[in-house]
Each structure stands twice: as structure tokens, then as C-alpha cells.
Amino acid sequence: MAKLLRQGLAERGVELGHSACLELVARQFGVADWNILSARIDAASSDSLLLPEAWHLSGRSPGKYRAGLDPEQTGIVLIASRPEFADLLGEDDFCTLMQTVDAADFRGQRLRLRAQIKAQAADGVTIWFRIDGPNGLLAFDNLERSQTDGPLTGSSDWTERTIVLEVPQHAVSLNYGVYLKGRGLGWARGFDLEPVDRTVPLNPRIDRKLRAPTNLGFSARG
């Protein structure tokens with residue numbers, strides 16, 4: 001990274017030594033100097049968790065988390081914010097363990113995603129489910145707008161969460177998983193994705209599109 005920065009600056013007529021570029025990189029990550037950043041990188045790479053087969057990491061900042069199979073419990077995944085990055089984690093940082101599945105065999109079905117999740121000193125732990133089409137998002141829920149069964153915060157024992165979505169005929173992929181937002185620890189177990197009949201209600205749409213202009217006079221909620 002420092003080498004690329006140095007090359008980019010040189011192309012613009014700015015000459016900086018390698019050490020100076022290292023310090024600039026450290027500042028981009030919000031730390032005082034390269035030695036601190038290097039120590040944090042070393043610590044982050046020394047305690048990685050084994051990823052479960054067919055699952056992968058994603059999110060805004062997966063490098064600030066440990067995520068994978070819980071070494072102390074069989075059949076359970078763990079996502080934990082790294083202490084060495086605690087002062088760098090913002091409200092938009094998150095890490096997810098997820099899968100992406102071809103939607104071909106599920107088109108036209110109503111699917112229910114279920115899993116149990118657990119939290120410890122967490123800003124937010126939840127499951128999520130997204131259906132993509134050829135031009136992008138078709139359906140999505142992460143329970144963050146749910147009034148009763150939303151993400152777990154603080155510390156909580158095992159709790160089941162459910163998302164039900166309809167798979168359109170032009171769906172391309174199903175994407176789902178569990179994520180930890182911000183700081184703390186989150187666990188998940190018992191993932192299940194299954195077809196259900198039309199008597200099982202869908203999760204409410206969480207987009208903000210209205211059917212018509214509404215409340216243009218800014219009246220308070222009734």
C-alpha cells in the first residue's frame with residue numbers, strides 16, 4: 001500500500017520516501033504511526049478462525065473482526081470485533097458470514113430463513129436475507145426495522161430469528177447470513193432455508209418507496 005501511494009505521488013510530481021508513505025498509510029487507518037498499525041495487523045492475522053465450508057466473509061470491514069467456526073463449540077459460528085481495532089470501529093462497520101445460492105430451483109417459492117443467534121456486549125447481531133435479480137436487488141430484510149424481533153443488542157442468550165421472502169421468477173441468486181455490527185461478539189447456529197406455503201406471512205418490505213406523495217406538511221405521527 002505504501003509502495004502504491006509513493007508511486008501515485010511520484011506520478012504527480014510529489015516525492016516522498018518509503019517511511020513517510022508508511023506514516024501516511026497509518027494515518028489513513030486512524031492510528032498515530034506505522035508501528036501501531038503494523039502491530040494491529042500482526043495481531044489480527046495471528047488469531048484467525050477457520051471458515052465453515054461453503055461460507056465466506058463479507059461486510060464493510062471484515063478485517064476488523066474475527067469470524068468463523070467457534071473453536072469452543074461445534075456447529076456454531078462466531079463473529080467478534082477485534083480489540084486492537086476497537087477505537088477504529090464506527091457505527092457503519094460490520095462483518096458477515098454468508099452464502100450465495102443459485103435461485104433457479106427456488107423461483108416462485110416463498111422461503112423462510114431461520115437461525116438462532118446470541119450476543120455479548122454487541123452493538124447489533126442479526127440474520128439477513130437478500131434476493132437479487134439480473135439488475136440488482138429484488139427483496140431484502142435484515143430485521144433492523146422490526147419493532148419486536150429485530151437485531152440482538154447488548155448481551156442475550158440464544159434467540160430464534162426468522163425472515164420470509166418471495167422469490168420472483170426472474171431471481172438470480174439468494175444471499176443470506178449473519179452479521180455483527182459495530183463492537184462485541186455474536187454467534188449463530190441452526191441455519192435453515194425452506195419453502196413454506198402462502199399462509200406464512202412475508203416480512204414487510206423495508207424499502208422507503210411510497211405509493212403517493214405523503215405528509216408534505218410534516219404533521220406529527222398520530
Side-chain angles (χ1 to χ4, degrees), residues 55-62 64-65 67 70 76-81 89-101 103 106 108-133 136-168 171 173-212 214-215 218-222:
W55 292 77
H56 64 274
L57 290 182
S58 189
R60 185 176 186 272
S61 42
K64 297 177 182 177
Y65 297 83
D70 189 330
I76 294 174
V77 292
L78 164 67
I79 305 175
S81 60
L89 285 169
E91 60 181 13
D92 294 329
D93 286 299
F94 74 97
C95 176
T96 180
L97 273 164
M98 63 171 290
Q99 284 191 342
T100 298
V101 176
F106 302 94
Q109 299 184 31
R110 183 168 295 192
L111 295 183
R112 177 171 59 197
L113 176 71
R114 289 191 294 185
Q116 291 186 328
I117 54 176
K118 180 181 175 181
Q120 180 178 316
D123 291 336
V125 180
T126 187
I127 62 171
W128 61 277
F129 187 12
R130 188 185 78 235
I131 301 173
D132 289 339
L137 177 69
L138 297 177
F140 173 71
D141 200 351
N142 59 7
L143 304 178
E144 289 204 5
R145 295 182 65 189
S146 173
Q147 299 297 313
T148 56
D149 298 315
L152 301 182
T153 58
S155 297
S156 178
D157 205 353
W158 289 108
T159 305
E160 185 172 274
R161 287 291 184 260
T162 302
I163 299 174
V164 181
L165 297 178
E166 200 90 46
V167 185
S173 65
L174 313 177
N175 310 271
Y176 52 85
V178 56
Y179 68 75
L180 169 65
K181 187 175 183 178
R183 300 173 179 84
L185 298 92
W187 293 265
R189 69 183 183 188
F191 263 87
D192 184 36
L193 185 66
E194 62 178 352
V196 294
D197 61 41
R198 294 300 191 271
T199 63
V200 178
L202 295 168
N203 281 58
R205 289 183 62 87
I206 65 170
D207 61 35
R208 298 180 180 273
K209 186 183 295 181
L210 300 172
R211 293 184 179 274
T214 303
N215 193 24
F218 304 118
S219 61
R221 289 182 180 271

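Just so we're clear, the structure is a prediction, and the values are computed from it rather than from any experiment. One is the number of the first residue; the rest follow in order along the sequence. Quick note: numbers below take in every heavy atom, side chains included, and nothing from hydrogens, waters or symmetry partners.
Among all heavy-atom pairs drawn from L138 and P168, the shortest one is CD1-CG, 3.9 Å. The two atoms that bring V178 and V77 nearest to each other are CG1-CG2, 4.4 Å, heavy atoms only. When all heavy atoms are compared, the tightest approach of G182 to S81 is O-CB, 3.9 Å. The two atoms that bring V125 and G186 nearest to each other are CG2-CA, 3.7 Å, heavy atoms only. Heavy-atom minimum distance, E91 versus K181: O-CE, 3.0 Å. Across every non-hydrogen atom of R161 and I127, the tightest pair is O-CD1, 3.4 Å.
Residues satisfying the side chain to side chain donor-acceptor pair (under 3.5 Å) criterion with S156, sequence neighbours excluded, are absent altogether. Evaluation of the ring-ring contact (aromatic ring centres under 6.0 Å, His included) rule for Y65 yields no partner, not counting sequence neighbours.
Between the CG atom of L174 and the CD atom of Q109 there is a distance of 9.5 Å, given to the nearest 0.5 Å. Here the CG-OH distance, from L97 to Y179, works out to 14.0 Å after rounding to the nearest 0.5 Å. Atom CD1 of residue I131 and atom OH of residue Y176 lie 12.0 Å apart, to the nearest 0.5 angstrom. To the nearest 0.5 Å, the span separating CD1 on I163 from CG on L113 amounts to 5.5 Å. The OG atom of S61 sits 9.0 Å away from atom CG of D92, with the distance rounded to the nearest 0.5 Å.
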For E166 and L202, run side chain to side chain contact (heavy atoms under 4.5 Å, CB included): C-alpha distance rounded to whole Å, both residues' side-chain angles, the deciding distance at 0.1 Å, then the answer. CA-CA 7 Å; E166 200 90 46; L202 295 168; 3.8 Å; yes
Give the intermediate values and the outcome of side chain to side chain contact (heavy atoms under 4.5 Å, CB included) for residues L78 and L185. CA-CA 7 Å; L78 164 67; L185 298 92; 4.1 Å; yes
Evaluate F129 against N203 for side chain to side chain contact (heavy atoms under 4.5 Å, CB included), listing each step before the verdict. CA-CA 11 Å; F129 187 12; N203 281 58; over 6 Å; no
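Contact of the T100 side chain with the H56 side chain is registered, since non-hydrogen atoms from C-beta on lie closer than 4.5 Å. The shortest distance between side-chain heavy atoms of V164 and V196 falls below 4.5 Å. Contact annotation: the side chain of L180 never approaches that of F94 to less than 4.5 Å [non-hydrogen atoms, C-beta and beyond].
Between the side chains of S173 and N175, at least one donor N or O sits under 3.5 Å from an acceptor N or O.
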Can I get a per-line list of side-chain donor-acceptor pairs under 3.5 Å for residues 115-124, giving both atom names and the distance, sequence neighbours left out?
{"from": "Q116", "atom 1": "OE1", "to": "R189", "atom 2": "NE", "distance (Å)": "2.6"}
{"from": "Q116", "atom 1": "OE1", "to": "R189", "atom 2": "NH2", "distance (Å)": "3.0"}
{"from": "D123", "atom 1": "OD2", "to": "R183", "atom 2": "N", "distance (Å)": "2.8"}

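Side-chain N or O atoms of T96 include none that pairs as donor or acceptor with a backbone N or O of G177 at under 3.5 Å. Listed for the T148 side chain is no donor-acceptor partner under 3.5 Å among the backbone atoms of S146. The backbone N or O of L193 sits nowhere less than 3.5 Å from a side-chain atom of R112 that would complete a donor-acceptor pair.
The pair R114-E194 counts as a salt bridge, with a side-chain nitrogen and a carboxylate oxygen less than 4.0 angstrom apart. Under the 4.0 Å criterion applied to side-chain N and carboxylate O atoms, D93 and K64 are assigned as salt-bridge partners.
Relative orientation of the W128 and F140 rings is tilted, given thresholds of 30° and 60° on the angle between their planes.
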